[in-house]
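Right, one structure below, let's go through it.
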Amino acid sequence: MRWSQTLIPTLKEQPQGAEIPSHVLMLRAGLVAQLMAGAYTYLPLGLRALRKAEQIVREEMDRAGAIEVHMPALAPLELWQRTGRVEAFGNVLIQFQVKRGARQVALALNPTHEEVVTDLVARFVSSYRQLPITLYQIQTKFRNEERPRFGVLRTSEFLMKDAYSFDATLEGLNVSYQKMYDAYCRIFSRCGLSYLPVEAESGPIGGDASHEFMVPAENGEDRILHCGACSYAANLERAEVGQRPPAASPGTQQTLTKVDTPQAGSIEQVSRLLGCRAEQMIKTLIYLADGKPAAVLIRGDHEANENKIRRALGAQRVELAPPEVIRQVTGAPVGFAGPVGLPLELVADLDVANVANAVVGANEADQHYTGANAGRDYQIARYADLRNAIDGDPCPRCGGRMQLRAAIEVGHVFKLGTKYSEALAARFLDENEQQQLAIMGCYGIGVNRIVAALIETSHDTNGIIWPMTLAPYQVILSPLNMQQADVVQAAEELYNELNALGVEVLLDDRDQRPGVKFKDADLIGIPLRVVIGGRALAQGQLELKWRWQAEPSLLPRAGAGQAIARLVQQELAAANARAEA
RNA sequence: CGGGGCGUGGCGCAGUCUGGCUAGCGCGUCUGGUUUGGGACCAGAAGGUCGCAGGUUCAAAUCCUGUCGCCCCGACCA
């Protein structure tokens with residue numbers, strides 16, 4: 001492609017409203033243009049990169065035995081009502097009415113396709129002989145994001161690869177799941193991403209049933225914990241906290257003292273008022289576990305983790321109790337609950353055991369206790385891991401230090417079970433002529449996020465640094481002077497030669513000064529740059545530079561096309577080979 | 001949905017507090033010329049309902065009210 005004949009609107013300055021590197025660079029390099037909050041046009045370069053990512057995904061899905069289909073973006077709202085997910089999605093589900101003759105038809109734009117694919121399988125799969133099957137598509141999803149942000153990382157319309165496996169048995173599901181997991185590893189490796197599969201909340205099936213594929217990046221929206229020593233990794237929701245060191249020495253027990261804490265119902269207010277640190281305090285959270293009140297103790301500076309609490313209480317659902325219930329149970333308004341004299345069984349986080357002489361609520365408005373000690377002033381029924389992990393916490397597997405990092409979620413694999421097959425009657429007949437529900441898994445990849453995450457983690461002050469596998473073009477030719485006949489001729493010859501050899505090449509044929517061409521070449525990040533310029537050309541040489549290297553090398557003009565094609569192939573092969581390691 | 005910021009030629013900004021002449025600057029674009037190894041130079045030119053609506057005033061980019069859009073932080077995120 002000739003630069004002069006395509007559309008690459010590079011920007012010299014940082015666009016207003018773009019802050020994170022991927023957003024800034026995608027706009028500056030002319031990859032995308034914003035139409036509105038959360039909706040972007042992919043311009044030629046951006047589209048080519050997106051297509052590369054898509055093709056890698058497609059190849060690995062096919063290789064894993066998944067079957068490609070293409071489902072509609074539209075769905076009848078009724079389908080979503082059948083699984084109860086109109087409410088579950090709420091405002092995120094884009095729905096609207098259209099007129100068809102005299103009728104009003106209620107439609108939705110699919111934010112995901114469990115309903116559609118399960119309905120499809122329910123219609124056409126009726127025997128165990130047809131299973132297992134994994135269907136996938138690469139298609140646009142629509143979600144009315146409350147707050148689109150971070151450029152293409154969180155948009156209302158995005159390209160997603162979604163796959164759905166259907167199995168006759170749980171063992172089958174595990175096999176299907178593992179195939180997808182392995183395919184994901186290959187995909188992200190081939191795309192040149194430094195990714196981490198992390199354990200995620202698994203919902204109804206429990207166990208090892210969900211993993212997210214995360215790319216650690218400063219601007220990521222997700223938080224993960226990662227142990228460098230043993231490679232344990234989990235998202236914040238899921239991460240367990242390992243064995244904590246016991247308290248130094250109990251020291252002397254202070255006497256339990258009631259103190260005035262007017263208007264101080266939060267950890268921050270109380271600590272400021274009493275001059276104590278948050279870690280000397282214990283917060284008493286009143287939950288409704290399946291509708292029944294329960295008391296949970298967490299150290300003042302820690303965050304409660306509702307999933308852990310739900311499991312510890314053996315409940316299906318937990319939620320923070322409303323103010324009426326708190327008042328009824330504790331006799332005090334919100335913010336003054338405490339363990340002393342509370343008529344509920346106390347379940348405490350493990351770290352609470354190490355807080356001696358704690359500050360706790362007194363179950364009385366505007367009153368707290370100081371010097372509270374478990375065993376003497378209140379009894380803990382049970383200790384458990386109930387809080388979110390924090391940076392530096394011990395690893396649950398090996399005891400090493402875990403690191404808290406921000407990350408971009410690029411993929412998610414999930415064992416679904418029979419939730420949708422049940423709601424949409426996806427049954428099959430097994431070998432004993434018994435009706436069974438298909439057991440499902442679902443597997444998503446944000447294709448746009450692959451591109452954005454790559455840029456987010458692979459750039460320098462001059463611009464994007466593409467891996468050969470995702471680069472919009474493999475080679476850029478930069479003839480430095482379009483007024484000089486021999487330069488133009490050499491560039492044209494090489495351009496034709498490379499095209500004939502199947503190399504994806506961009507010829508910067510603009511009549512621009514060298515500086516402009518260098519800056520733009522760096523900005524759009526094409527891996528291999530070939531400079532055709534007076535100096536070297538006079539000696540029958542071209543200049544070759546990899547985007548990730550500082551210095552160029554010389555290449556004889558004779559046979560340059562073959563040599564460059566070989567270099568591209570080697571680099572491509574090396575990048576793809578990293579996936580097999 | 002709560003908090004904050006910003007809307008001025010294609011892009012990035014100044015001017016707004018303290019109302020006042022023909023609304024400026026840099027980049028880009030167009031014409032002519034000189035240049036050609038890291039975002040050239042000279043000369044000339046085009047391009048603006050100052051987001052939109054209403055109000056105050058002799059006079060509004062500037063003050064007031066409303067409204068729309070975009071960005072950031074938080075809440076939310078199958």
Side-chain angles (χ1 to χ4, degrees), chain A residues 9-20 23-24 27-28 30 33-40 80 83-94 108 110-118 141-151 153-156 158 160 162 164 200-204 210 212 219-223 235-237 409 412 414 416 419-420 423 440 442-444 446 461-463 478-485 487-488 508 510-524 529-538 541-543 545 550-552:
Chain A
T10 57
L11 264 26
K12 202 178 286 191
E13 290 170 285
Q14 174 165 334
Q16 187 196 44
E19 297 195 354
I20 68 170
H23 192 198
V24 170
L27 291 169
R28 282 196 56 210
Q34 183 173 2
L35 177 63
M36 60 175 199
Y40 289 81
W80 284 86
T83 55
R85 288 218 292 178
V86 174
E87 292 74 28
F89 268 97
N91 197 32
V92 172
L93 182 70
I94 298 177
N110 288 313
T112 176
H113 280 75
E114 281 86 358
E115 277 77 358
V116 180
V117 77
T118 308
K141 300 282 187 273
F142 296 89
R143 293 181 193 182
N144 181 35
E145 285 294 342
E146 296 291 326
R147 193 186 144 207
R149 61 185 131 174
F150 300 139
L153 279 175
R154 179 161 292 274
T155 51
S156 306
F158 55 97
M160 181 164 162
D162 47 326
Y164 307 89
E201 271 307 324
S202 50
S210 175
E212 291 169 344
N219 292 298
E221 288 185 276
D222 292 281
R223 297 285 175 275
N235 70 15
L236 183 60
E237 276 288 276
E409 182 188 350
H412 194 172
F414 195 88
L416 265 180
K419 175 176 174 184
Y420 298 100
M440 295 175 59
C442 73
Y443 317 93
T461 52
N462 292 318
S478 305
L480 293 190
N481 187 339
M482 295 304 286
Q483 304 299 326
Q484 209 174 309
V487 169
V488 173
D508 189 352
R510 296 173 300 169
D511 188 9
Q512 289 287 354
R513 292 173 59 83
V516 175
K517 297 195 176 193
F518 288 140
K519 287 291 185 189
D520 272 348
D522 284 350
L523 181 58
I524 67 173
R529 187 186 76 189
V530 182
V531 165
I532 301 108
R535 278 188 208 156
L537 195 62
Q541 306 268 320
L542 304 171
E543 234 173 69
K545 191 177 98 61
E551 294 304 319

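The chains referred to below are lettered A, B, ... by the order of the sequence lines, with proteins before strands, and numbering in each begins at 1.
Judged as a side-chain contact (heavy atoms from CB on, under 4.5 Å), and not counting sequence neighbours, the contacts of R510(A) are W3(A), D508(A), Q512(A), V516(A), D520(A). Residues meeting the ring-ring contact (aromatic ring centres under 6.0 Å, His included) test with F158(A), sequence neighbours left out: none.
Counting any heavy atom pair closer than 4.0 Å across all strands shown, R223(A) reaches no nucleic acid atom. Using a 4.0 Å heavy-atom distance criterion, V92(A) is classed as making no nucleic acid contact. D522(A) comes within contact range of at least one nucleobase, with a heavy-atom separation under 4.0 Å. The residue R85(A) sits close only to the backbone: its heavy atoms come under 4.0 Å of sugar-phosphate atoms, none of a base. In this structure, N91(A) reaches neither bases nor backbone, as no heavy-atom distance under 4.0 Å exists between it and the strands shown. Backbone-only engagement by A37(A) is indicated by non-hydrogen atom pairs under 4.0 Å involving sugar-phosphate atoms exclusively. Using a 4.0 Å heavy-atom cutoff across all strands shown, A521(A) reaches no nucleic acid atom at all. Note on E145(A): nothing from the nucleic acid sits closer than 4.0 angstrom, heavy atoms only.
A salt bridge between E114(A) and K419(A) is absent, with no side-chain N of the basic residue lying under 4.0 Å from a carboxylate O of the acidic one.
Taking atom P in both rG4(B) and rG44(B), the straight-line distance is 49 Å, to the nearest Å. Across rG69(B) and rC52(B), the matching P atoms stand 15 Å from one another, rounded to whole Å. Comparing the C1' positions of rA45(B) and rU62(B) gives an interatomic distance of 31 Å, to the nearest angstrom. Remark: the separation of the C1' atoms in rA40(B) and rG28(B) is 15 Å, to the nearest Å. rC70(B) sits 16 Å from rC11(B) when the C1' atoms are compared, rounded to a whole Å.
Taking every nucleotide of RNA chain B with any atom under 4.0 Å from a non-hydrogen atom of chain A, the first and last of them, 5' to 3', are rC6(B) to rA78(B).
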